[in-house]
There are 2 protein chains.
Amino acid sequence: MGRKRIKPGKVRLTEVAALAGVSPITVSRFFRNPDTVSAGRRLRIESAAKDLGYVPNLAARALASQRTEVIGVLIPSLTNNVFSDVLRGIYDAFEGSRYSIQLANTRYSVLQEERLLRLFLMQKPAGLIVTGVDQTAEGRAIVQAADCPVVQIMELGTDPIDMMIGFSHVDACSAAISHLLAQGCRRIGFLGARMDPRVQRRLQGYQNAMKEASLFDPRLIVTTAVPTSTTMGGSLFSDLLLKAPDLDAVFCANDDLALGVLFECQRRHIAVPEQIAIVGFNDMEFMASAVPTLTSVRTNRYEMGLRAATMVMDEIEGREVTQRVVDLGFEVIERQSSTLSRAATAGPAPGERASGTKW
Amino acid sequence: MGRKRIKPGKVRLTEVAALAGVSPITVSRFFRNPDTVSAGRRLRIESAAKDLGYVPNLAARALASQRTEVIGVLIPSLTNNVFSDVLRGIYDAFEGSRYSIQLANTRYSVLQEERLLRLFLMQKPAGLIVTGVDQTAEGRAIVQAADCPVVQIMELGTDPIDMMIGFSHVDACSAAISHLLAQGCRRIGFLGARMDPRVQRRLQGYQNAMKEASLFDPRLIVTTAVPTSTTMGGSLFSDLLLKAPDLDAVFCANDDLALGVLFECQRRHIAVPEQIAIVGFNDMEFMASAVPTLTSVRTNRYEMGLRAATMVMDEIEGREVTQRVVDLGFEVIERQSSTLSRAATAGPAPGERASGTKW
DNA sequence: AGCAATATTGACAGCGCTATCACGCAGTTG
DNA sequence: CAACTGCGTGATAGCGCTGTCAATATTGCT
């Protein structure tokens, strides 16, 4: 036979219904859609629920209704501040809504991502937000099987699973390099850490821009698979100086590296931007406050999270999402670290600043 | 009568059982405890499940078993890097375990915290990790009603709900001030932003230390309710200079502020540490890389998350947790920004450095 | 071989909630 | 006055899984 009897202290919908003198289904309706219950019963149910300290059982609700109000969110890293901004947007958007967020961390691994997607599936999520466009075929299949709205964030791509919001890392980086070229820089280094797909694309943008200007030189590129950090910025920069002593600018694939480069320049008494210009990526808050202030590429991370979440909600709730692929763009914020006053007057003069070692 | 018939494509335990030629309960066991099923059936079930693409239904499992494998985690902020380190520890600890994390953000509001705890209750979490010790009475009651292991993190207190892991913010700050006093600093400022309970306690530690040294002066304290940022560090420091022009050191309630102070000093050509010593709090990665390197109070945030998570798991799984209140301590990491060479030889000399405005 | 101890397996009855359909009752409508 | 509409309500039958306990197969031991 079955299991042991119901625990006496347990408060279920039924208990509330009994106390309020209505049927359980009415109480159920009250909790999901108070308007559909008449005012009199509404009050009785409300007070009964409060008296008994009733708490709805989400598992039972999910099982009976065959759906949940869980949004799965997959990001590659918790440490990377970039994602905390995106997350803040996501959490803000769902704030006060009935949805709750299930966050998981892929650690930049597509296999891990696959595993986590499989886990999400068991929850029958109402929506999914995933990072990037580089899911495995298997991963895409799993997402598709979830049969719910999906938004890919952080990047743009030609083949969205469902919806997509991001910007072009290639173009953003090219724009930063163009800015440096316009300032008269010629020996522009590239520093990258972690080298996840997005950083790879920034590197691609760098290469495109440098090749187009006929200034490409592989010795100008220093990268590492190690995660980014300020200290790493300093080390990579030191390596770069060894490989390319005639450097006149550094593009850093993110702002932590840029800060590390700035510190290393201070340490070596290299004048910024006079001897070396610095440009970062993401425009973290501290960039505007450094001495000199640091140029960076602003990316709309908070807005990305916010809008991704809104797109998911709209889709779930049947509101038509017309713009299913959103390019949020970027902006090169020019600050002291890359602004060479002479550039404004003389304009870029090829070779002008590439005059060998300057320290 | 009931509802419409079962959708044909749906794969349940029953379908897998039928294909494998065993009873549903055996399949259930296979998924939860493969060892309890004989090898032969194990293989048959495994291949049947794979063939059908079976995905367990967590809601049904939770309902039937009356428990979940969800750990609720409540933190005040996603933006504050301090918490991302803690979170990393938590996520790492649960990595590969059967538990999943439900993260929510209280935004430094105890009412919000209460609301979120109530939401967590509906999920019947297997464990709870909450930040700080300042829950409302109502909040504590809700947590208690959850009837699961609870760990309070980030702080220590005399009245733990269940388990607790953290360190004394009062002592940590006092230690930092003592260090500055030992360096001969006398006019030590305090900069704080956000002023959440933990920052308040650091302020308390500052006051204790300064009063004990008979050096307390309210003009040395500048705080704001606004969230912390590097830029804010610069502004607060500027305010402080106006109120106390004879300043010889600044303790910053966190490292972002300290970085802002450093930049502001560079901007004003104030020598660090000769004219003004700087000490931060948390020992973020960039502190060691700044020029000069910045002194800070190291707090073991990653370990805190890791161990909090481990404590919850141990408790859930019936392993006895003997140390239910863990003091993780702290360490003042002395770096260039607060190391006055003369202090080592001459020792602290009262009034020596408090010789009025120096810039 | 005989029997107890152990390892596997299965039948049954829910877990607490909601989808579905049915129904009563006011207010309309022709 | 019958037929119709629509709201508010309720009865019923599961949603897909697992706890419980009984039944059966296997093993070890005398």
Side-chain angles (χ1 to χ4, degrees), chain A residues 1-45 49 52-69 98 121-124 126, chain B residues 1-45 49 52-69 98 121-124 126:
Chain A
M1 64 222 63
R3 62 190 62 189
K4 70 161 168 260
R5 294 293 84 204
I6 299 156
K7 286 171 233 155
K10 191 168 283 184
V11 182
R12 307 191 314 271
L13 216 46
T14 317
E15 275 70 35
V16 178
L19 182 59
V22 299
S23 77
I25 189 71
T26 304
V27 180
S28 169
R29 278 196 265 262
F30 166 78
F31 280 104
R32 288 175 297 155
N33 244 319
D35 317 333
T36 60
V37 176
S38 64
R41 287 168 202 244
R42 205 147 56 205
L43 290 172
R44 297 221 307 282
I45 295 171
L52 296 172
Y54 171 70
V55 176
N57 181 323
L58 279 191
R61 178 178 289 181
L63 179 58
S65 69
Q66 298 282 67
R67 57 197 162 69
T68 65
E69 281 157 1
R98 58 224 181 87
L121 253 195
M122 314 199 336
Q123 312 209 26
K124 299 191 176 298
Chain B
M1 65 223 63
R3 62 190 60 191
K4 70 162 169 261
R5 294 294 82 202
I6 298 157
K7 285 170 234 156
K10 192 169 282 183
V11 182
R12 308 192 313 273
L13 215 46
T14 317
E15 275 70 33
V16 178
L19 183 58
V22 299
S23 75
I25 189 71
T26 302
V27 180
S28 169
R29 278 196 267 263
F30 166 79
F31 279 105
R32 289 175 297 156
N33 244 317
D35 315 333
T36 61
V37 176
S38 63
R41 287 168 200 243
R42 204 147 58 206
L43 290 171
R44 297 221 307 284
I45 295 172
L52 296 171
Y54 171 70
V55 176
N57 181 323
L58 278 193
R61 178 180 289 181
L63 180 59
S65 67
Q66 298 281 67
R67 57 199 165 66
T68 63
E69 282 159 358
R98 59 223 179 87
L121 255 196
M122 313 199 336
Q123 311 210 27
K124 300 192 175 298

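Predicted, not measured: the structure shown is a model, and the values here were computed from it. Values reported hereafter were calculated over all heavy atoms of this structure, with side chains retained and with hydrogens, waters and symmetry mates removed. Chain letters run A, B, ... following the sequence lines, proteins first and then strands; every chain starts at 1.
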Out of D/dC15, D/dG19, D/dC17, which nucleotide sits closest to the side chain of A/Ala64? D/dC15

Residues two or more places apart in sequence or in another chain: which of them pass side-chain contact (heavy atoms from CB on, under 4.5 Å) with B/Ser38? B/Arg41

For D/dT9, does OP1 or OP2 lie under 4.0 Å from any side-chain N or O of A/Arg41? yes

Verify the contact: side-chain N or O of A/Ser38 to OP1 or OP2 of D/dT9, cut-off strictly under 4.0 Å; return yes or no. yes

Could you give me the CA-CA distance, side-chain angles and deciding distance for A/Val16 and A/Val11, then say whether side chain to side chain contact (heavy atoms under 4.5 Å, CB included) is met? CA-CA 7 Å; A/Val16 178; A/Val11 182; 4.2 Å; yes

Can you check the B/Leu52 CG to D/dG16 P distance for me, whole Å? 14 Å

Could you state the CD-P distance from A/Gln123 to D/dG16, rounded to the nearest angstrom? 17 Å

Looking at every strand, decide which applies to B/Pro56 at a 4.0 Å heavy-atom threshold: base, sugar-phosphate, or nothing. sugar-phosphate

Selection from D/dC15, C/dG16, C/dA11 that lies nearest to any side-chain heavy atom of B/Ile25: C/dA11

To the closest 0.5 Å, what do you measure between CG (B/Asn57) and CD (A/Gln66)? 7.0 Å

May I ask you to verify if any side-chain N or O of A/Ser65 is less than 4.0 angstrom from the OP1 or OP2 atom of C/dT18? no

Between protein and nucleic acid, restricted to nucleotides 23-27 of chain D and to nitrogen or oxygen atoms under 3.5 Å apart, what atom pairs and distances do you find?
none

Answer yes or no: is there a donor N or O on one side and an acceptor on the other, between the side chain of B/Thr68 and the main chain of B/Ala62, under 3.5 Å? no

Would you tabulate the side-chain donor-acceptor contacts of residues 17-31 of chain A under 3.5 Å, counting partners in other chains and residues two or more places apart, or write 'none'?
{"residue": "A/Ser23", "atom": "OG", "partner": "A/Thr26", "partner atom": "OG1", "Å": "3.2"}
{"residue": "A/Ser28", "atom": "OG", "partner": "A/Arg32", "partner atom": "NE", "Å": "3.3"}
{"residue": "A/Ser28", "atom": "OG", "partner": "A/Arg32", "partner atom": "NH2", "Å": "2.9"}

Atom CG of B/Leu13 and atom P of D/dG16: how far apart are they, to the nearest Å? 11 Å

B/Arg67 side chain N/O closer than 4.0 Å to the phosphate oxygens (OP1, OP2) of D/dG19? yes

Within this structure, what is the NZ-to-P distance between A/Lys124 and D/dC15, rounded to whole angstrom? 13 Å

Considering only heavy side-chain atoms of A/Gln66, the closest of D/dG19, C/dG10, D/dG16 is D/dG16

Output field dot_bracket for DNA chain C (Watson-Crick or G-U, both distances under 3.5 Å, | for other-strand pairs) contains ||||||||||||||||||||||||||||||

Could you tell me the separation between the CZ atom of B/Arg61 and the P atom of C/dC17, rounded to a whole number of Å? 21 Å

Interatomic distance where CG belongs to B/Leu63 and P belongs to C/dG14 [whole Å]: 14 Å

Excluding sequence neighbours, so at least two apart, what forms side-chain contact (heavy atoms from CB on, under 4.5 Å) with A/Leu58? A/Arg61, B/Met122, B/Gln123

Please list residues of residues 26-37 of chain B whose heavy atoms come under 4.0 Å from any atom in DNA chain D, ordered by number; otherwise none. B/Ser28, B/Arg32

In whole angstrom, what separates B/Arg44's CZ from C/dT8's P? 15 Å

What is the distance, to the nearest angstrom, from the OH atom on B/Tyr54 to the C1' atom on D/dG16? 7 Å

